[in-house]
**Q** 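Have a look at the structure that comes next, please.
For the single chain, residues carry numbers from 1 onward in sequence order.
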Amino acid sequence: MRQQMPKQDPQVRRSNFDEVAHGFTAELARAEAERCLNCKKPLCVDGCPVEIEIPKFITLLVAGKPDEALAKIKEKNSLPAICGRVCPQENQCEARCILGRKGEPVAIGSLERYCADWGRTHAAETAPEPAANPKGKVAVVGSGPSGLTAAADLALLGYKVTLFESLHAPGGVLRYGIPEFRLPKAIVDYEVGNLTKLGVDIQTNVLIGKTITIEELFAQGYQAVFIGTGAGLPYFLGIPGENLNGVYSANEFLTRVNLMKAYRFPEYDTPIRIGKRVAVVGAGNVAMDSARTALRLGAETVSIVYRRSREEIPARLEEFENAEEEGVVFHLLTNPIRLSGDENGNVTTMVCQKMTLGEPDASGRKKPVPIPGAEEEFSVDTVVVAVGQGPNPILLQATAGLTLNKRGYIEADPETLMTSIPGVFAGGDIVTGAATVIAAMGAGKRAARAIDEYLSQK
């Protein structure tokens, strides 16, 4: 039987920002690891974007060698404590697990997290020495999952790497987008610290495209540049009333809380306004994070407003279940059409159109269709819009010759990730649009290999 990670009680955790899942004990990890069939043709490896040799690390865990298991993971993945927490294993490695065909797959993500946490608490990790004679000098733009992975792999390949981050702390979406209760910032700090041990130079408060351009990076002696700036420009609904006070984009809401620690105001001087009645529009992981954060900030009722049905919810099942357990209310087949406010410009009311599902659209999900005359209205003090995000244009507009696709993302060769500018590579959400942490990491890994091959040939 698949082992389950212990968690905080829902009624307790909804009032704190401590991590929800406690992780496996040694006994639980061993029992779960022993379920692995150690297949001769491990399909789980094919499902891993960063190519971890999953059965090999699990076999080492069964043998009572968590240090060697972690070393095996880190041959492919430089951020195991992060991936073990936020990677959607259920759609990737675990989806390919043979045991899952007739029962429950091995909890690969939980075992990866156990190994990473064991290494952190036992101070077991030793980083390779930085290259004494670097093969070249590479700049990485953006310190999210793709940038961190590319930087680590390039350093291991023998390059001198400088990682540029526009904000005051590295981590990208891992730091500003994912709440403390799902990914503690101490974990991000630890994984980033391992990069510096590899010799990666991290420079914060540097906005490429404003502080310095990509052309100037080449003039400074960088031989290649990897762009991993993600998709951080929020989308809005385009409905009346979105400019009222109390209406946030999920990006602003989560950045204030996660990066700027608004949840510890006035200890930290970033305020955030939370009313008694909060509505979050959207049903992806970002929406779930926003709703669960609002609960912890003291909202009395928090609602998810989503225009499709329960079956179409894009968030991870685990995050949906956690939100439901904690008391988030779901208004499904419901689409906001306008917001109203009081004489002071504060949002007070959300009016929604009731929907039904029609034929599948381009995404493969059934298209929501308005029900004529069916509207509902409810009171709100705070609205968080979590309906996706796009590419930030600052770097893109400042880089002459960089080809973009019709959606405004960077065009990159699907194999090499080379852009239209020789020596400039790109990967992750800035190329694909918003996706998963592990998909971005896979792009960073592929880019590092491609940069090494490009500079070696050059």
Side-chain angles (χ1 to χ4, degrees), residues 134-155 157 159-167 170 172-173 200-235 251 388-435 439-458:
K135 293 162 65 174
K137 187 178 176 184
V138 180
V140 174
V141 183
S143 67
S146 64
L148 292 173
T149 302
D153 282 20
L154 285 163
L157 286 166
Y159 291 90
K160 177 61 180 173
V161 181
T162 304
L163 182 62
F164 295 99
E165 167 57 48
S166 63
L167 298 176
V173 69
V200 175
D201 176 24
I202 301 176
Q203 296 191 18
T204 57
N205 298 309
V206 179
L207 178 58
I208 303 299
K210 288 292 184 182
T211 312
I212 187 173
T213 65
I214 285 179
E215 185 178 3
E216 288 169 336
L217 289 175
F218 282 112
Q220 290 182 7
Y222 291 97
Q223 297 159 289
V225 177
F226 173 70
I227 301 173
T229 50
L233 186 69
Y235 291 148
N251 297 56
Q389 53 274 335
N392 191 307
I394 293 175
L395 180 149
L396 309 181
Q397 292 175 356
T399 308
L402 189 63
T403 300
L404 309 180
N405 63 23
K406 61 183 180 181
R407 297 170 59 210
Y409 295 97
I410 296 175
E411 278 195 0
D413 184 276
E415 296 298 323
T416 66
L417 299 184
M418 177 90 83
T419 69
S420 54
I421 302 175
V424 177
F425 299 74
D429 291 3
I430 192 62
V431 173
T432 62
M441 290 177 61
K445 180 172 285 291
R446 284 165 34 228
R449 283 198 293 255
I451 289 169
D452 181 45
E453 184 176 346
Y454 168 77
L455 293 180
S456 298
Q457 291 174 350
K458 188 176 179 182

**Q** Considering residues, nucleotides and ligands other than E215, do more than 12 of their heavy atoms fall under 6.0 Å from its CD?
**A**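 Not more than 12 within 6.0 Å, no.
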**Q** What's the spacing between K137 NZ and F218 CZ if we round to 0.5 Å?
**A**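 Going from the NZ atom of K137 to the CZ atom of F218 covers 12.0 Å.
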**Q** Return the minimal non-hydrogen interatomic distance between P170 and T204, and the atom names on each side.
**A**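 Shortest heavy-atom contact: CD-CG2, 4.0 Å.
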**Q** Locate the shortest heavy-atom distance separating G428 from A443; write the atom from each residue and the value.
**A**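 That closest heavy-atom pairing would be N-CB, 3.4 Å.
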**Q** Using a 3.5 Å distance criterion without hydrogens, assess whether the side chain of D429 forms a donor-acceptor pair with backbone atoms of A435.
**A**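 At least one qualifying donor-acceptor pair exists.
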**Q** Find out whether L163 and E165 are in side-chain contact, i.e. whether some heavy atom of one side chain is under 4.5 Å from a heavy atom of the other.
**A**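 Contact flag for L163/E165 side chains = no.
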**Q** How long is the gap from OG1 on T229 to CG on L396, to the nearest 0.5 Å?
**A**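 Between T229 OG1 and L396 CG, I get 6.5 Å after rounding to 0.5 Å.
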**Q** What are the two closest non-hydrogen atoms of I451 and A224, and how far apart are they?
**A**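 That closest heavy-atom pairing would be CG2-CB, 3.8 Å.
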**Q** Quick check for you: to the nearest 0.5 Å, what is the distance between L395 atom CG and L402 atom CG?
**A**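 That separation rounds to 7.0 Å.
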**Q** Distance from L417 atom CG to F226 atom CZ, nearest 0.5 Å?
**A**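 Here the rounded value is 7.0 Å.
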**Q** For the CZ atom of R446 and the CG atom of D153, what is their distance to the nearest 0.5 Å?
**A**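 The CG atom of D153 is 12.5 Å from CZ of R446, to the nearest 0.5 Å.
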**Q** Distance only, no hydrogens: is a donor on one side chain within 3.5 Å (strictly under) of an acceptor on the other, for T416 and Y454?
**A**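 No, because no side-chain N or O of T416 sits under 3.5 Å from a partner of the opposite role on Y454.
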**Q** So, for P391 and Y235, which heavy atoms are closest and what is the spacing to 0.1 Å?
**A**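 Looking at all heavy atoms of both residues, the closest pair is CD-OH, 4.4 Å.
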**Q** If you look at every heavy atom in T149 and K445, which pair is closest and at what distance?
**A**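 Closest approach of T149 to K445: CG2-N, 3.7 Å.
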**Q** If you compare all heavy atoms of G228 against all heavy atoms of S146, which two are closest, and at what distance to 0.1 Å?
**A**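 Between these two residues, the closest heavy atoms are CA-OG, 3.5 Å.
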**Q** Crowded around E453 CD? As in, over 12 foreign heavy atoms under 6.0 Å?
**A**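 No, not enclosed.
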**Q** Between I214, V225, T399, I410, which is the residue that forms a side chain to side chain contact (heavy atoms under 4.5 Å, CB included) with I421?
**A**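 For I421, the side chain to side chain contact (heavy atoms under 4.5 Å, CB included) test succeeds with only one of I214, V225, T399, I410, which is T399.
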**Q** Okay, side chain of T403, backbone of S420: is any donor-acceptor separation there less than 3.5 Å?
**A**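 Absent.
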**Q** May I have the step-by-step check of side-chain contact (heavy atoms from CB on, under 4.5 Å) for F164 and T211, ending in yes or no?
**A** CA-CA 11 Å; F164 295 99; T211 312; over 6 Å; no
**Q** For T419 and A426, indicate whether the former's side chain and the latter's backbone hold a donor-acceptor pair under 3.5 Å.
**A**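 Between the backbone of A426 and the side chain of T419 there is no qualifying donor-acceptor contact (under 3.5 Å).
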**Q** Should we count CD of Q220 as having more than 12 external heavy atoms under 6.0 Å?
**A**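 Above 12, so yes.
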**Q** Please check this pair: side chain of N251 against backbone of G232, looking for a donor-acceptor N/O pair closer than 3.5 Å.
**A**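 Yes; judged by distance alone, with no hydrogens or angles, the pair exists.
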**Q** Measuring from atom CG of N205 to atom CG of L167, what distance do you get when rounded to the nearest 0.5 angstrom?
**A**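 Result: 8.0 Å between the selected atoms.
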**Q** For the pair K210 (side chain) and I394 (backbone), establish whether a donor and an acceptor sit closer than 3.5 Å, ignoring hydrogens and angles.
**A**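 No; judged by distance alone, with no hydrogens or angles, the pair does not exist.
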